[in-house]
Protein chains: 2
Amino acid sequence: MPYRRTPAVQARLDALRAGILAAATAQIAEHGYAGCIVAAVARRAGVATGTVYRHFPAKADLLAEVFRSVVTREVAAVAEAARRPTGTLTERITAVVETFAGRALKAPRLAYALLAEPVDPAVDTERLAFREAFRDVIATAVAEGVRTGHLPPQNARLTAAALVGAIGEALVGPLAAGTPDVDTLPALVTFSLRALGVPDAHP
Amino acid sequence: MPYRRTPAVQARLDALRAGILAAATAQIAEHGYAGCIVAAVARRAGVATGTVYRHFPAKADLLAEVFRSVVTREVAAVAEAARRPTGTLTERITAVVETFAGRALKAPRLAYALLAEPVDPAVDTERLAFREAFRDVIATAVAEGVRTGHLPPQNARLTAAALVGAIGEALVGPLAAGTPDVDTLPALVTFSLRALGVPDAHP
DNA sequence: GCAAGCAATGAACCACGGTTCACCACTTGT
DNA sequence: ACAAGTGGTGAACCGTGGTTCATTGCTTGC
């Protein structure tokens, strides 16, 4: 058999695949899911349309992988903020909210796509997973707060889901308008602290 | 000129138009925006495809009008709950949350379409208006609470937006699963009361 | 009745965008 | 250098679904 895939070739293939993934991510970040046309992604990645299908079985798979990679990164950032052992409970919650919201405000279109924009079922699964991942990170922290008595008793999962929704919705306005609005973040932090039942949440 | 539109004919036209609107609403309520195909709406209304275009210039206009009519109804229900002059502030907030969430849980697919499902720009405008209308109803009540000293100082608009998002998100799970879950509503009420800073929110 | 319009019809048209595939260029092992 | 096989190409294909329009069947005023 006069052909065997060389490490150098494999590296080039991997790079190309990663390039397509990056192009799709950038395309979504700029034009949303609706504007993420395979031909446009290919052009952006500097390859032909057909090449995309040499690396991904279908558009849905490509997008699912994009979502998965972005979500992994975002959830990791928030989880890291939640895990930070220093500081009071209030400081930790503040860090989580600011991380979540701050990152979203830096990449509005992408955040919108992840939070709200409709897609096909295959990708919706990923989005669901995304929100669940965030919810679970927050729910864990809430449950711990309840256990240690820093927070009043509550349904941690529901509270966490509501918080994810609250932050997401509160951001949609600012995301839609181009107005970051410095007041948004502190107000969201206050809202979150109060909603969780932190005593003395009066900034 | 041997033809003039008679009142009876006008009535039939109006009824037909209303029927198409109702069919589109029902179609969205059952299959969401994605499943709302013009041909299906027409079949459901008992007319031919082309007839739809005799009453609406384009699909986007039809859908926009559907959204507007549903939203008007929903916002009115919530506004009515908010306006109810009897009872304490806590009771009023409870009524608003239960009205909002309770109605959504009764028509899950429709609620999902209104809250989250992606559509084309023309309709997105309506959805934005929808969320803003709810937000404003709540914001008004919050502002009043702040003014009378029943609530701590806060950015009423942002708080209200966050509440809309919180309720919406907390409902998405139950909406997706078929599980109404009797615990959801009370938990949401508690969350809302705490988030607003109502003193003594410990059910 | 009958001419003049209007509303309804639904098959045909068309644009869009995902997917395919016959072809070309290049790499590898001998 | 060459045979065997791989990766890249992009024009063409195809399904979907919104929109149109020539035709048909009613209504109205005379």
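Proteins come first, then strands; the chains are lettered A, B, ... in the order of their sequence lines, and each starts at number 1.
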Mind listing the N/O atom pairs, protein and nucleotides 11-18 of chain D, below 3.5 Å?
unit_1, atom_1, unit_2, atom_2, d
D/dG18, OP1, B/Lys59, NZ, 2.4
D/dG18, OP2, B/Val38, N, 3.1

Checklist entry - Starting at the 5' end of DNA chain D, which residue's closest nucleotide do you reach first, B/Ala60 or B/Arg54? => result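 Result of the comparison: B/Ala60.
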Keeping [X] on the side-chain end and [Y] on the backbone end, is there a donor-acceptor pair under 3.5 Å?
| X | Y | answer |
| --- | --- | --- |
| B/Gln27 | B/Gly35 | yes |
| A/Arg127 | A/Ala113 | yes |
| B/Arg194 | A/Leu196 | no |
| B/Glu126 | B/Val123 | no |

Without decimals, in angstroms, what is the distance between [X] [atom1] and [N] [atom2]?
| X | N | atom1 | atom2 | answer |
| --- | --- | --- | --- | --- |
| A/His31 | C/dC16 | NE2 | C1' | 17 Å |
| A/Asp14 | D/dG7 | CG | P | 12 Å |
| A/Gln10 | D/dT6 | CD | P | 14 Å |
| B/Leu16 | C/dC6 | CG | P | 18 Å |
| B/Arg17 | C/dA7 | CZ | C1' | 15 Å |
| A/Arg43 | C/dG18 | CZ | P | 12 Å |

Checklist entry - Does the side chain of A/Leu21 come within less than 4.5 Å of A/Phe56's, by heavy atoms? => result yes
Item to check | Close side-chain approach of B/Asp136 and B/Arg157, heavy atoms under 4.5 Å | outcome: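 They are in side-chain contact.
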Checklist entry - Distance from A/Thr72 atom OG1 to A/Glu74 atom CD, nearest 0.5 Å? => result 10.0 Å
Checklist entry - What distance separates B/Phe191 CZ from A/Leu163 CG, expressed to the nearest 0.5 Å? => result 4.5 Å
Next on the checklist: Looking at C/dA8, I'd like to know if its phosphate oxygens (OP1 or OP2) sit under 4.0 Å from a side-chain N or O belonging to B/His55.
Outcome noted: yes
Item to check | Step-by-step salt bridge (charged side-chain N to carboxylate O under 4.0 Å, His left out) determination, A/Asp14 to A/Arg17 | outcome: CA-CA 5 Å; A/Asp14 291 351; A/Arg17 193 188 143 92; over 6 Å; no
Could you go through nucleotides 24-28 of chain D and list every protein N or O atom that sits under 3.5 Å from one of its N or O atoms, giving the distance for each pair?
unit_1, atom_1, unit_2, atom_2, d
D/dT28, O2, B/Pro2, O, 2.4

